[in-house]
Q: 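One structure, pasted below without further comment.
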Amino acid sequence: MAWKAQNEINSADAKRIDASILQVDTQRKNMIFQLGEAYFKANKDNEEVEEAYKASIDSINKLEYNRKVWINRKMKLQGMRICEGCGNVLPYESCFCNRCGIKLEAVAEDLLEIPGMQSEATQ
């Protein structure tokens, strides 16, 4: 009987420790993510960034571009587009934004290839 009670205590302690480990791991991953995001934002347009980071920054820039293309494709299906100047939603065929007045350029529709990643063009 005493062995069972001790085993239950150890099990409860182990669960609390596992929860603490998970919490620390999650906080660590979030901090690494925040650090990486801050580094990326500070260097995304920097042509002289350290060579070790160039490929990753280039891939992230391409992913951001491809994200815009997917959004553009979705908006086009709905007969809409987004003004690059102010973010206003407009009819797809608009030539000028009725909020900020800028001339609207052609909507980007071609995805960029990203080395080492599955092509999104087939999705």
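Worth knowing before you read on, the calculation uses all heavy atoms, side chains too, and leaves out hydrogens, waters and symmetry mates.
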Q: Atom CG in Asn72, atom CZ in Arg67: separation rounded to 0.5 Å?
A: 11.0 Å
Q: Determine whether Met80 and Ile71 fall in the same hydrophobic cluster, where Ile, Leu, Val, Met, Phe, Trp and Tyr are linked whenever their side-chain heavy atoms lie under 4.5 Å apart.
A: yes
Q: Look at atom NZ of Lys68 and say whether more than 12 heavy atoms of other residues, nucleotides or ligands are closer to it than 6.0 Å.
A: no
Q: For Met75 and Ile82, what are the C-alpha separation, side-chain angles and deciding distance, and is it a side chain to side chain contact (heavy atoms under 4.5 Å, CB included)?
A: CA-CA 8 Å; Met75 296 295 290; Ile82 298 173; 3.9 Å; yes
Q: Let me have the donor-acceptor pairs involving side chains of residues 40-51, under 3.5 Å, with sequence neighbours excluded, atom names and distances please.
A:
residue	atom	partner	partner atom	Å
Asn43	OD1	Asn46	ND2	3.2
Asn43	ND2	Tyr39	O	2.9
Asn46	OD1	Glu48	N	2.8

Q: Evaluate side chain to side chain contact (heavy atoms under 4.5 Å, CB included) for Glu64 paired with Asn61, printing each intermediate quantity in order.
A: CA-CA 5 Å; Glu64 286 182 349; Asn61 281 329; 4.1 Å; yes
Q: Quick check: is Val107 connected to Val69 through a chain of hydrophobic side chains (ILVMFWY, heavy atoms under 4.5 Å apart)?
A: no
Q: Mind listing the side-chain donor-acceptor pairs of residues 18-38 below 3.5 Å, one per line with the distance, residues two or more places apart or on another chain?
A:
residue	atom	partner	partner atom	Å
Ser20	OG	Arg16	O	3.1
Thr26	OG1	Leu22	O	2.9
Asn30	ND2	Thr26	O	3.4

Q: Just by distance, do the side chain of Ser56 and the backbone of Tyr53 share a donor-acceptor pair under 3.5 Å?
A: no
Q: Give the intermediate values and the outcome of side chain to side chain contact (heavy atoms under 4.5 Å, CB included) for residues Asn88 and Cys97.
A: CA-CA 7 Å; Asn88 191 27; Cys97 178; 3.8 Å; yes
Q: Hydrophobic cluster membership, with links at side-chain heavy-atom distances under 4.5 Å among I/L/V/M/F/W/Y: are Tyr65 and Leu111 in one?
A: yes
Q: So, do Asp58 and Lys62 sit near enough that their side-chain heavy atoms are less than 4.5 Å apart?
A: yes
Q: Looking at Glu93 and Arg81, is any side-chain nitrogen of the basic one under 4.0 Å from a carboxylate oxygen of the acidic one?
A: no
Q: Tell me whether Ile60 is reachable from Ile114 by hopping between hydrophobic residues (I, L, V, M, F, W, Y) whose side-chain heavy atoms are closer than 4.5 Å.
A: no
Q: Under the criterion side-chain contact (heavy atoms from CB on, under 4.5 Å), which of Asn98, Val89, Ile102 is the partner of Cys83?
A: Ile102
